[in-house]
Amino acid sequence: MRALAARADVRTFSLLGVLVALIVIGGITKPDEFLDTRNLQLVLTQASVIGVVTVGMTFVITSGGIDLSVGAIVALSSVWATTVATQEYGLAGILFTAVLVGVGCGLVNGLLIAYGGMVPFIATLAMLASARGLALQITDGKTQIVTIDGILKLGERDSYILGIPPLVLVFAVVTIIGWLILNRTTFGRRTVAVGGNAEAARLAGIDVRRQRLYLYLLSGLCCGIAAFLLIILSGSGQNTNGNLYELDAIAAAIIGGTLLSGGRGTITGSVLGVLIFTTITNIFALNNLQSDVQQIAKGAIIVAAVLVQRRTAASST
């Protein structure tokens with residue numbers, strides 16, 4: 001256990017070192033723009049949306065599963081929550097609808113995987129296609145503008161608390177709750193046990209199917225919350241929302257130290273992974289580098305992280 005804790009500490013400090021290095025690079029290449037308070041607030045705000053999704057993804061991957069549908073669920077939740085009919089119920093109606101749709105999609109994923117015996121890759125891939133299609137059908141390819149003042153004001157600087165955007169505060173709360181659940185509760189220990197060895201967990205008295213169902217419900221809940229944050233950020237609902245969120249969430253969790261094969265997960269590492277990717281995107285944008293270069297860089301980081309995981313796993317056996 002001490003060896004595992006030591007490796008976790010080294011990994012966390014390594015990620016912090018990478019993040020600091022990126023901040024230094026951003027400060028050197030574009031000092032006026034990158035280090036501007038508004039830009040740093042923007043980086044944290046953008047990290048908040050994908051960060052909430054990544055917290056849910058970390059739980060799923062820790063259990064040995066995968067969720068390819070998170071981006072599509074965010075899109076569906078955002079457009080369903082911003083229809084004219086839903087907006088008639090105000091801020092509370094939008095929040096409730098976004099969360100309800102997210103949890104509903106998570107429930108379908110969980111039932112198909114836990115009780116339907118479907119492989120997570122296939123089940124969530126089907127949800128990805130279905131949710132995207134339904135989101136497109138609801139919007140008819142059009143952007144749904146939010147007209148509720150309460151939502152729009154949350155995205156303005158006047159709503160910042162001590163200079164911190166409300167979205168960042170929500171992300172911080174979700175992160176803290178996620179960390180406590182994974183590291184300090186029976187639910188977290190069961191999640192790790194199922195990911196480490198599902199059969200051994202079953203023999204130890206854990207209801208593996210129910211645990212997996214709960215995990216996909218949790219992932220759906222995080223998607224619903226992220227959709228609400230995205231609505232605040234953009235002031236609209238679009239069927240293109242959440243594009244490639246599944247890639248970013250999985251990548252952030254992996255480079256953070258969560259094992260793709262399951263059995264080990266770290267919320268702290270996942271959050272640092274999100275901040276690293278968001279900072280990279282911001283630096284590239286400020287330096288007018290094309291998006292394809294960003295994707296290549298992300299792909300290289302993912303490959304490097306997986307290779308490090310394999311080497312660490314090999315050295316521990």
Side-chain angles (χ1 to χ4, degrees), residues 49-50 52-83 85-86 93-140 144 174 178 181 187 190-191 194-195 198 201-202 206-231 237-250 253 260 262 265:
V49 179
I50 185 62
V52 171
V53 174
T54 303
V55 170
M57 182 69 80
T58 301
F59 277 88
V60 171
I61 296 178
T62 301
S63 71
I66 199 73
D67 192 347
L68 301 178
S69 63
V70 290
I73 294 175
V74 169
L76 179 60
S77 298
S78 70
V79 300
W80 207 321
T82 54
T83 60
T86 304
I94 289 180
L95 174 60
F96 176 77
T97 302
V99 171
L100 182 63
V101 173
V103 172
C105 292
L107 176 62
V108 173
N109 280 336
L111 289 175
L112 290 175
I113 294 166
Y115 294 95
M118 291 187 68
V119 176
F121 180 90
I122 299 300
T124 58
L125 186 62
M127 175 58 73
L128 183 157
S130 301
R132 282 288 179 194
L134 184 55
L136 178 60
Q137 187 177 54
I138 291 174
T139 61
D140 194 25
Q144 297 178 163
V174 171
I181 292 175
F187 183 87
R190 288 175 178 172
T191 300
V194 170
R202 186 187 67 81
I206 298 176
D207 190 331
V208 175
R209 293 192 299 179
R210 184 171 62 187
Q211 184 70 15
R212 285 174 173 161
L213 173 62
Y214 289 161
L215 288 166
Y216 281 96
L217 284 172
L218 177 60
S219 179
L221 172 63
C222 288
C223 289
I225 295 173
F228 181 69
L229 297 183
L230 193 56
I231 291 170
Q238 304 176 53
N239 67 284
T240 56
N241 281 342
N243 187 35
L244 295 181
Y245 272 21
E246 54 279 351
L247 170 64
D248 290 341
I250 293 171
L260 194 56

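Bear in mind the structure is a predicted one, so any value in this text is a computation, not a measurement. Counting begins at 1 with the first residue of the sequence.
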request  = Write down the atom of L215, the atom of V60, and the distance for their closest heavy-atom approach.
outcome  = O-CG2, 3.9 Å
ask   = Measuring from M127:CE to I122:CD1, what's the distance to the nearest 0.5 Å?
value = 14.0 Å
query = According to the side chain to side chain donor-acceptor pair (under 3.5 Å) rule, which pairs have a member within residues 95-107, sequence neighbours left out?
reply = none
key: Contacts of L134 that satisfy side-chain contact (heavy atoms from CB on, under 4.5 Å) - sequence neighbours left out   = L76, W80, Q137, I138
task = Drop me the distance from F59's CZ to Y216's OH, to the nearest 0.5 angstrom.
result = 14.0 Å
ask   = For the atom pair CG (L112) and CE (M118), what is the distance rounded to the nearest 0.5 Å?
value = 5.5 Å
query = Should R212 and V208 count as side-chain neighbours, where that means a heavy-atom distance under 4.5 Å?
reply = yes
request  = Name all residues meeting the side chain to side chain donor-acceptor pair (under 3.5 Å) criterion together with T54; count only those two or more places apart in sequence or in a different chain, and write none if there are none.
outcome  = none
query = Can you tell me how far the CG atom of L260 sits from the CD1 atom of I66, to the nearest 0.5 Å?
reply = 5.5 Å
ask   = What is the distance from atom CD of E246 to atom CG of L128, rounded to the nearest 0.5 Å?
value = 5.5 Å
key: Between CG on residue N241 and OG on residue S78, distance to nearest 0.5 Å   = 4.0 Å
Please report, to 0.1 Å, the donor-acceptor pairs under 3.5 Å made by any side chain of residues 221-230, with sequence neighbours excluded.
none

Residue pairs, two or more places apart or on separate chains, that pass side chain to side chain donor-acceptor pair (under 3.5 Å) and touch residues 56-66 = T58-S270
query = Which pairs, with at least one residue in residues 119-136 and sequence neighbours excluded, count as a side chain to side chain donor-acceptor pair (under 3.5 Å)?
reply = none
query = In chain order, what residues pass the side chain to side chain donor-acceptor pair (under 3.5 Å) check against T240, with sequence neighbours excluded?
reply = none
ask   = Nearest heavy-atom pair of P120 and I113: which atoms, and what distance?
value = CA-CD1, 3.7 Å
L100: side-chain contact (heavy atoms from CB on, under 4.5 Å) partners, not counting sequence neighbours = F96
message = Is any side-chain heavy atom of I73 closer than 4.5 Å to one of Y245?
response = no
query = Can you list the residues that meet the side-chain contact (heavy atoms from CB on, under 4.5 Å) rule with L217, with sequence neighbours excluded?
reply = V103, L107, L213, Y214
key: Pair Q238-T139, side chain to side chain contact (heavy atoms under 4.5 Å, CB included): steps then yes or no   = CA-CA 7 Å; Q238 304 176 53; T139 61; over 6 Å; no
inquiry  = S77: which residues meet the side chain to side chain donor-acceptor pair (under 3.5 Å) condition with it, sequence neighbours left out?
reply    = none
note = Across all chains, not counting sequence neighbours, the side chain to side chain donor-acceptor pair (under 3.5 Å) partners of D67 are S69, S219
remark   = When every non-hydrogen atom of Q211 is compared with those of F187, the smallest separation belongs to NE2-O, 3.2 Å
